[in-house]
Every structure is written in C-alpha cells, then in structure tokens.
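Keep in mind that the numbers below use all heavy atoms, side chains included, and drop hydrogens, waters and symmetry copies.
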Amino acid sequence: INIGDKTIPYNENFKLFMTTTNPNPHYPPETFVKVTIINFAITRQGLEEQMLAIIVALENPQLEQKKNDIVKKNAQDKRDLRKIEDDILQSLTESKGDILMDEKLIGQLSHSKKMSKEINERVEVSKVTEK
C-alpha cells in the first residue's frame, strides 16, 4: 500500500470495519466502489417490503416491473414539481412592475397549476396501484 510517498507492506487478510451512529451517512461514489457498505438500521416494515418485492419479482415479474416504473415516474414527477416551483420563483424575482399585468408570468402560473394537478393525480393513482 502506498501512503503518501511511502510503500508499506500489508497482510492480504486485513479487514477494516467501521461503524457510525449516523442514521443516513453520505459517502462519495468513489467510496462505494472500493468498500462494502451494510446498513443494519432496517426496520421491520422495510424488511417486509424488501421480502415482498423479491417474492413478487419471482412470481410476477411484470407486476414488479410496473411497480418499478411507477416509482421512477413518481421520482420524475417530484423533480418536475420542484422545477415548476423554481421557475415560478425565478419569474417572480425577474418580474418588473405589476405582476398581475405580466402575461408571461400569468401563463406560466396557469401552466404550472395544470401540470401540478396532473402530477398530483398521477401520484394518487400510483399510490393505489403500488399497494
């Protein structure tokens, strides 16, 4: 092993175990590539959900794929909602004069309201489907 400018011999059987009390530690991607991270802070409900997902994947792969697609779509919808909110705030800060007369802003708010309603409806439908 090279540490700094020194080469140090090591034993092939050497293992390093580290623990943390942090419930949600964040490590850079380089760390995840080099080490095995085990999360022992799983709840009973979380374990049940993981086991159910494995069983469903084995018995009905199409249903598991549909669930995964729903999860991905929900994540994308949440990102879209956040972007809509950011765009509205940006437009409000850039607005000059009376915001009630800014047609671009009003159009954006109308579009945002429509998109938000559609996304929230999809989220509700997906919650029912996911169960």
**OP:** Spell out, yes or no, whether V56 and L58 are grouped together once hydrophobic residues are joined by side-chain heavy atoms under 4.5 Å, including indirect joins.
**Re:** no
**OP:** Could you walk me through whether N60 and E64 pass side-chain hydrogen bond (donor to acceptor under 3.5 Å, both in side chains), step by step?
**Re:** CA-CA 7 Å; N60 193 346; E64 182 63 18; over 6 Å; no
Original post:
How many angstroms lie between atom CD1 of I106 and atom OG of S91, to the nearest 0.5 angstrom?
Top reply: 12.0 Å
**OP:** Work out which heavy atom in D77 is nearest to a heavy atom in R122; give both atom names and the distance.
**Re:** OD1-NH2, 2.9 Å
Original post:
Can M18 be reached from F14 by stepping across I, L, V, M, F, W or Y side chains whose heavy atoms are under 4.5 Å apart?
Top reply: yes
Original post:
Distance from S116 atom OG to E85 atom CD, nearest 0.5 Å?
Top reply: 7.5 Å
Subject >> CG on D69 to CG on N74, rounded to 0.5 Å >> reply: 11.0 Å
**OP:** Working to the nearest 0.5 Å, report the span between CG of L109 and CG of D87.
**Re:** 11.0 Å
**OP:** To the nearest 0.5 angstrom, please state how far the CD1 atom of I84 sits from the CZ atom of R79.
**Re:** 13.0 Å
**OP:** Supply the atom-to-atom distance N13 CG to K15 NZ, rounded to the nearest 0.5 angstrom.
**Re:** 7.5 Å
Subject >> Partners passing side-chain contact (heavy atoms from CB on, under 4.5 Å) against E121 (at least two apart in sequence or in another chain) >> reply: K117
Original post:
For residues D86 and Q90, is any side-chain donor paired with an opposing acceptor at under 3.5 Å?
Top reply: no
Subject >> Joint hydrophobic cluster, I55 plus V71, side-chain heavy atoms closer than 4.5 Å >> reply: no
Original post:
Without hydrogens or angle criteria, can the side chains of Q76 and D80 be said to hold a donor-acceptor pair below 3.5 Å?
Top reply: yes
Subject >> Cluster check I3, Y10: I/L/V/M/F/W/Y, side chain < 4.5 angstrom >> reply: yes
Subject >> E48 CD: over 12 foreign heavy atoms closer than 6.0 Å >> reply: yes
**OP:** Please report the closest heavy-atom contact between Q108 and I88, naming both atoms and the distance.
**Re:** NE2-N, 3.9 Å
